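Read the structure below first, then the notes.
Just so you know, these numbers use all the heavy atoms, side chains as well, and skip hydrogens, waters and symmetry mates. Chain A is the first sequence line, chain B the second, and so forth, proteins listed ahead of strands; every chain is numbered from 1. Here the structure is a predicted model, which means the values were calculated and not measured.
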Amino acid sequence: MPAITLPDGSVRNYPGSVTGTTIAASIGPGLARAAIAMVLDGALTDLTHEIDHDAHVRFITRENEESLPLIRHDAAHVMAEAVQALYPGTQVTIGPAIEDGFYYDFYRDQPFSADDLPAIEAKMREIVAGDVPFTREVWSRDQAISFFATRGEKFKVQLIRDLPDSEEITVYRQGKWLDLCRGPHLRSTGDVGNAFKLMKVAGAFWRGDHRNPMLSRIYGTAWRNNKELEAHLNRLEEAERRDHRKLGRQMDLFHVQEEAVGCVFWHEKGWRLYRTIENYIRRRQQQFGYSEVRTPQLVDRTLWEKSGHWQNYREHMFIAEVEHEDKVLAVKPMNCPCHVQIFKHGLRSYRELPIRMAEFGACHRFEPSGALHGIMRTRAFTQDDAHIFCTEEQIVSETVTFVEMLQLIYSDFGFNDFSVKFSDRPTLRAGSDDVWDQAETALKLACAEAGVEYVINPGEGAFYGPKLEFVLRDAIGRDWQCGTFQVDFVLPERLDASYITADSRRARPVMLHRAVVGSFERFIGILIEHCAGRLPVWLAPTQVAVASIVTDANEYGETVVATLKDAGLSAIGDMRNEKIGAKIRDLSLALIPYILVVGRREAHEHSVSIRRLGNDTQTTMSLSDVVEILKADAKAPDMHS
RNA sequence: GCUGUCAUAGCUCAGGGGUAGAGCACCUCAUUGGUAAUGAGGAGGUCGAGGGUUCAAUUCCCUCUGACAGCACCA
């Protein structure tokens, strides 16, 4: 006699075991039609699941966002059936729902190409139109293994073998096709609906391990209705429009070329943007008690051996050798060991701590070719790196202050939304478990004190310590990891850094590795995409353009440009023999925040007509007023008194 | 690095076994105009590099380099 409690608190009794389908039907025909799955005692479950005990049940309908992963997972099954129908001999592996959609990994001698997608998609729509029910079956392990083995599904067999003994082995059948699957699923293939689209094919390693065979993965996107699908496709187009590589070219900020793979050629405008950001960070660091240093690019391998980087990252380091000297130098891949050298130079007293040592450190890392991405992931980059040498007692307060600084900087760049990941000890690491316990505990305590909420990122810490990763969210909802904060008890030990305590003994400092923007290259890429190239005035490489209407106004136009430059603004003149409409268009496409138009009237009145980017209205003002307005608008956020 | 796709003018792209084409940008001339494209003319390419097949290769084949998407990697 199961008693079923519904979300509104009402309880219904059923004579024997009962399915969700029956319960929904007993509540009403509307719900019977709409319910596509249920949450049974907190767990998402098939509607056909038999309930033989008292339970809480909540029904999921298409209106509910929780239906999305189900729709996507079902779409993956439908795709797998379609693929096996069209390409016999293809082996199936796994096909989960993911953010925005789903994928399925197949094994096939000939990987799929984009040309195969229309046929697969058409077959999928057939299967959806067939509207055949999904049915769940529990199989024995042997039954499942022999079934998939006879079909030559080697990957499935391996999956089943690796399932823990406690795990019930279930398959889901849809018509003649079936797949090993934990479920749950919707009622039938028809519930997938038609708001899906196959997006791309890609290679993916079996079980995510590069030593394993490569599978052929097909990605799809799936939604509850066509409106959602359209919105998603529009978001993708918007992201493409914002691509920093495209905008970087259009705005003439930088380029990359074959002779310096993964390295950025900064053009004048891009470099101006870079320097504006660097100077801003420098001022913030000063404000927060950092001192700036500069360390060598080429450092003997012995130092990297001591730090452990040679053992851990040798294959990612650029090496320099000279003909007449028997030395191997590494182009520095990071700054920490160098900063320790400065710390070690001379005796340090506890009175000096914390020492906050900052460097705009240019680093080189041999990143795998497939990892490179515009200026976001490069082989040569510069970090806003700093290392805080402090006592254990100072970890908490230093963390709190760092988070405060990071928040301030992010919001100055227009990022007000960020999240934090806590990465704990990795499998390959230096330092004893005691030291790791100590470091992780200290960092957690510091987070609590700073009011930082985080999600755990298991096993993703650096080899020398746990870290916090600060992930910011951009204007179109994409996440980017920028800031980092790492507690390190290992490197000071390895590199033998010490200070003199109040009672004249030697003690090890703790080293806090930290960066706010991370790599300047990457951050600038993110910034460009965040604001779609329409940089705030203080960052814009060209802040204002002066356009003349007639040649008679050119001379006055030039004096306006000169006045703006004298006021410290980055100004250009456009005195070309073009119509004003064409100039407005060109200067707008160049994403210059302000356009000042001058004609005979303005020249005579000593005024300008001012127009803000993205706004098609204009007002005429005296030149002196405009200069004051622009000066105020062009001030860096930390320069407002 | 792996799988796949791609590489033609500064940019965006078309073409195709018989020495290359458009639009924009650029240069020249005319035009002096009031807020997102004035008109006409001109110049610009070893068709990514190397090899092969062929009477002939930018086009077909192979190798390399680079780019793009995904995977793997990211101290």
B/S/- along nucleotides 64-75 of chain B (protein heavy atoms under 4.0 Å) is -SSSSSBBBBBB
Is the positively charged end of [X] above the ring of [Y], judged by distance under 6.0 angstrom from the centroid and angle within 45° of the axis?
X: A:Arg612; Y: A:Tyr594; answer: yes
X: A:Arg522; Y: A:Phe520; answer: no
X: A:Arg514; Y: A:Phe402; answer: no
X: A:Arg72; Y: A:Trp223; answer: yes

For A:Ala82, enumerate each residue passing the side chain to side chain contact (heavy atoms under 4.5 Å, CB included) test, keeping only those at least two apart in sequence or located in another chain.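 Applying side chain to side chain contact (heavy atoms under 4.5 Å, CB included) to A:Ala82 gives A:Ile120, A:Lys123, A:Met124, A:Ile127.
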Between [M] and [N] - [atom1] atom distance, rounded Å:
N: B:C71; M: B:U35; atom1: C1'; result: 50 Å
N: B:G10; M: B:G45; atom1: C1'; result: 12 Å
N: B:G18; M: B:U54; atom1: C1'; result: 12 Å
N: B:C68; M: B:U12; atom1: P; result: 12 Å
N: B:G39; M: B:C24; atom1: P; result: 9 Å
N: B:G21; M: B:U8; atom1: C1'; result: 10 Å
N: B:U59; M: B:U3; atom1: C1'; result: 26 Å
N: B:G23; M: B:U65; atom1: C1'; result: 30 Å

Exercise for the section: With a 4.0 Å heavy-atom cut-off, tell me which residues in residues 514-526 of chain A come close to RNA chain B, sorted by residue number. Expected result: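 Those residues: none at all.
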Name every residue in residues 605-623 of chain A that has at least one heavy atom under 4.0 Å from any atom of RNA chain B, in order of residue number, or write none if there are no such residues.
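Within this stretch, A:Ser609, A:Arg611, A:Gln618 sit under 4.0 Å of the strand.
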Within the 6.0 Å centroid threshold, strictly below: [X] and [Y]:
X: A:Phe381; Y: A:His364; answer: no
X: A:Phe254; Y: A:Phe265; answer: no
X: A:Phe463; Y: A:His309; answer: yes

Protein-nucleotide distance ([X], atom [atom1]; [N], atom [atom2]), rounded to Å:
X: A:Arg585; N: B:A37; atom1: CZ; atom2: C1'; value: 5 Å
X: A:Leu591; N: B:A36; atom1: CG; atom2: P; value: 16 Å
X: A:Arg241; N: B:U12; atom1: CZ; atom2: P; value: 17 Å
X: A:Leu247; N: B:C11; atom1: CG; atom2: C1'; value: 14 Å
X: A:Asn212; N: B:C2; atom1: CG; atom2: P; value: 16 Å
X: A:Leu589; N: B:C11; atom1: CG; atom2: P; value: 18 Å

| Between A:Ser588 and A:Phe112, which has a closest nucleotide on RNA chain B that is more 5'? |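 It is A:Phe112 whose nearest nucleotide is closer to the 5' end.
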Any A:Arg108 side-chain nitrogen or oxygen under 4.0 Å from OP1 or OP2 of B:U3: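 The answer is no; no side-chain N or O of A:Arg108 sits under 4.0 Å from OP1 or OP2.
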Exercise. Are A:Trp206 and A:Asp105 close enough that a side-chain donor and a side-chain acceptor fall under 3.5 Å?
Worked result: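 A:Trp206 vs A:Asp105: no donor-acceptor pair found between side chains.
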Hey, is the side chain of A:Ser216 pairing donor to acceptor with the base of B:U3 inside 3.5 Å?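 Side chain to base: no pair present.
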### Query
Is there a donor on the side chain of A:Glu602 or the base of B:G34 sitting less than 3.5 Å from an acceptor on the other?
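Indeed, a donor on one side and an acceptor on the other fall under 3.5 Å apart.
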Evaluate the criterion side-chain contact (heavy atoms from CB on, under 4.5 Å) for residue pair A:Tyr454 and A:Leu443; output intermediate values, then yes/no.
CA-CA 11 Å; A:Tyr454 53 80; A:Leu443 191 52; over 6 Å; no
Base, sugar-phosphate or nothing for [X]? Non-hydrogen atoms, less than 4.0 Å.
X: A:Ile595; answer: nothing
X: A:Arg601; answer: base
X: A:Ile580; answer: sugar-phosphate

Quick test: give all pairs of protein nitrogen or oxygen and nucleotides 24-30 of chain B nitrogen or oxygen below 3.5 Å, distance rounded to 0.1 Å.
none

Dot-bracket for RNA chain B, 5' to 3', Watson-Crick and G-U pairs with both distances under 3.5 Å, [ ] for crossing pairs, | for partner on another strand, reads (((((((..((((....[..)))).(((((.......))))).....(((((..]....))))))))))))....
